[in-house]
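The chains referred to below are lettered A, B, ... by the order of the sequence lines, with proteins before strands, and numbering in each begins at 1. Computed over heavy atoms, backbone and side chain alike; hydrogens, waters and symmetry mates excluded.
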Number of protein chains: 2
Amino acid sequence: MSTIRDVAKYANVSVATVSRVLNKKGYVSKEAEEVVLKAIEDLDYRPNAVARTLYNKSSRMIALITPDITNPYFPELARAIEDVSLSYGYTVVLCNTDDDEEKEQQYVSVLKQKYVDGIILITNQQFNSDLEQMNVPIVALDRILSEKFPAVVSENENGAMMATEHLIDCGCKFIAHLRGPIGLTSAEDRLKGFQKVVQDKGVASIVVNTDFHFEKSIEVTTRLLEDHPTIDGIFSSNDITAAGAMKAINNLGKSVPNDIQIVGFDGIPLGKMLIPSLTTIEQSIYKMGALGARLLIKQIENIHLEANLYTVPTKLLIRGTTKVKGED
Amino acid sequence: MSTIRDVAKYANVSVATVSRVLNKKGYVSKEAEEVVLKAIEDLDYRPNAVARTLYNKSSRMIALITPDITNPYFPELARAIEDVSLSYGYTVVLCNTDDDEEKEQQYVSVLKQKYVDGIILITNQQFNSDLEQMNVPIVALDRILSEKFPAVVSENENGAMMATEHLIDCGCKFIAHLRGPIGLTSAEDRLKGFQKVVQDKGVASIVVNTDFHFEKSIEVTTRLLEDHPTIDGIFSSNDITAAGAMKAINNLGKSVPNDIQIVGFDGIPLGKMLIPSLTTIEQSIYKMGALGARLLIKQIENIHLEANLYTVPTKLLIRGTTKVKGED
DNA sequence: AAACTGTGTGTAACCGGTTACACCATAAAG
DNA sequence: CTTTATGGTGTAACCGGTTACACACAGTTT
């Protein structure tokens, strides 16, 4: 690989002039510019990104810290972030933490050493005291971490209300809510929305815990339905647990949506593959990721953010697990 | 942040000595080592990774170039790669190409400028002439690109044979194969395995094209079954298209596995969520990714690879879409 | 006593960019 | 005819590490 000094020598100018041409910064004469561009062309010169990073203290990389990319909710987020980043000339570093605080710390430390310009953070850890110490821009996604970091979240409460109202509209008299992990703001908000509506409309309800995983959901739902055979509607805090509920219902010999109707939450591709396909609250996952990335890049470029909390709308997607005529 | 020169000054030694302590390289006296370690501790010094990279021409980063992380097959791969990389002290850069050659080029160029140490490549492009020019270690995953790059693939043909034999064992008399994209070695190998068995056993068969996407699969399967109502078994080249086939069958008012039995390929989590859960050929996706990452790192560290092609076994996972008693 | 060998340490060049600063034109203003 | 503004360029320091090389000292060999 040729260096800027090779180019300078070839073009009979100084490295400063070459650098000025490269960065379109400072005074350069037409002739000098031409001869430099020709030299760059002839030598197939590409500036060394690492040397630039060292001086500028900016790597044009942003990190995506996520609990587990294997969770079907995250790839779409990652995709959006990657798309936006690329269009602004940033590269994305992938970090899986399993919500392990130590791993998170380790990553943050390594990332800082590499001069990453910003971090998109999805985590359940609350005590990010050392994160706050870091002077790197951070955007939280899907959950609110602290007032210090801008966050992008879905209209969880609103979505949950739509889901619950829809079940009631479809004739459900006893609705269960499979809630998500305790402490997760998104799950809490969905619970809140659910409770508001059932209380408001005076519909019988019950809430049980899940950890957002499929197997656990089967187990929980099975027990739930054995204990309460009159349940005729389930609002599940995510699509995976909704799939688990469907499996449990099927195992018990009941039918969806005839005996029990279900509404999920997320709008991941899985939903449409189930039989019947899943009525769900669709989050604009891609939009969330894209917005998060844009906000992060704005911060990196020192553009002031107007707000600290951004919400993206949710939408009721009526499909086959509720009895109003949907696409299924 | 303090630098190595700060540490040297604080410890009253030269930067060379500090560097020797850091890298455990060269002669350092016990006393010098102690005073340096104390200085590092006191100043909370962390070496600057970028400066190291500049000199060493190694960033301890590896890139994962994938068509689309949104495809449920890739996250698990990515996860495995990330886990192994982390354990060896490497960071993973995520690159989505959409199989777009230009994007691929752009990435490779940027990556090279950043001194990425190696690339894990999943692509359908064949003409990677400039990739061959690059002097960066590359490992191909899931598909064979050229003899120049070591590759990790599943036992596709063998898996396809197991799938087909299983359908025959379960009593199928007319088996369709939903093949994957033309030109994709893994899809070709699965087709080969299928054809071998149906020819060998003299079972009626038909092959149709899919592009590995859900909607397309519904469409193709619907037409297929309308044209050939006597089909009683389907071997699908991946789990997503198997899900599409199930949806199509359901739409046509037929039942799985009673009217038509299905075997998929991949073993992604989706399979167990379907009702009935999907009998499939399980690839050790995680193992593939982990092996790929290990091979890449070996190459980076100049350890000679014994082989150029590594295969990981596939396994028949009997569940609910075939009639032998499975877990469903 | 001279010649090695093995330890231990420091100086300064190097990796490949960016840029502060000095300097030299030339033209316009006073 | 000086002063000043503006365009254009080069030198060298700097970012923060690594390491070649020179050198110093002690203990062994001949």
> Using the rule side chain to side chain contact (heavy atoms under 4.5 Å, CB included), only one of B:D98, B:D99, B:L94, B:L77 pairs with B:T66; which is it?
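Option passing the side chain to side chain contact (heavy atoms under 4.5 Å, CB included) with B:T66: B:L94.
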> Where is the tightest heavy-atom contact between A:L141 and A:G289, given as atom of each residue plus distance?
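Taking A:L141 first and A:G289 second, the nearest heavy atoms are CD2-CA, 4.1 Å.
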> Tell me what A:S29 touches on the nucleic acid: a base, only sugar-phosphate, or nothing, going by heavy atoms under 4.0 Å.
sugar-phosphate
> What are the two closest heavy atoms between A:A32 and A:T17, and how far apart are they?
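That would be CB-CG2, 4.2 Å.
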> Do you know which two heavy atoms are closest between B:L305 and B:P150, and how far apart they sit?
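That would be CD1-CG, 3.8 Å.
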> Which of residues 32-57 of chain B have a heavy atom under 4.0 Å from DNA chain C?
B:A32, B:L54, B:Y55, B:K57
> Between B:Y90 and B:D117, is any side-chain donor less than 3.5 angstrom from a side-chain acceptor?
no
> Walk along DNA chain C from 5' to 3' and tell me the first and last nucleotide with an atom closer than 4.0 Å to a non-hydrogen atom of chain B.
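From 5' to 3', the first and last contacting nucleotides are C:dT7 to C:dG16.
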> Quickly work out the A:R20 CZ to D:dT9 C1' distance and round it to whole Å.
6 Å
> Which pair of non-hydrogen atoms, one from A:K103 and one from A:T97, has the smallest distance, and what is that distance?
CD-O, 3.7 Å
> Return yes when atom NZ of B:K298 has more than 12 non-hydrogen atoms of other residues, nucleotides or ligands closer than 6.0 Å, and no otherwise.
no
> Please figure out whether B:R5 or A:V15 has its closest DNA chain C nucleotide nearer the 5' end.
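That would be B:R5.
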> Heavy atoms only: give me the nearest A:L111-A:C95 pair and the separation to one decimal.
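So the two residues come closest at CD1-SG, 4.3 Å.
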> Using a 4.0 Å heavy-atom cut-off across all strands, classify B:T3 as base, sugar-phosphate, or nothing.
sugar-phosphate
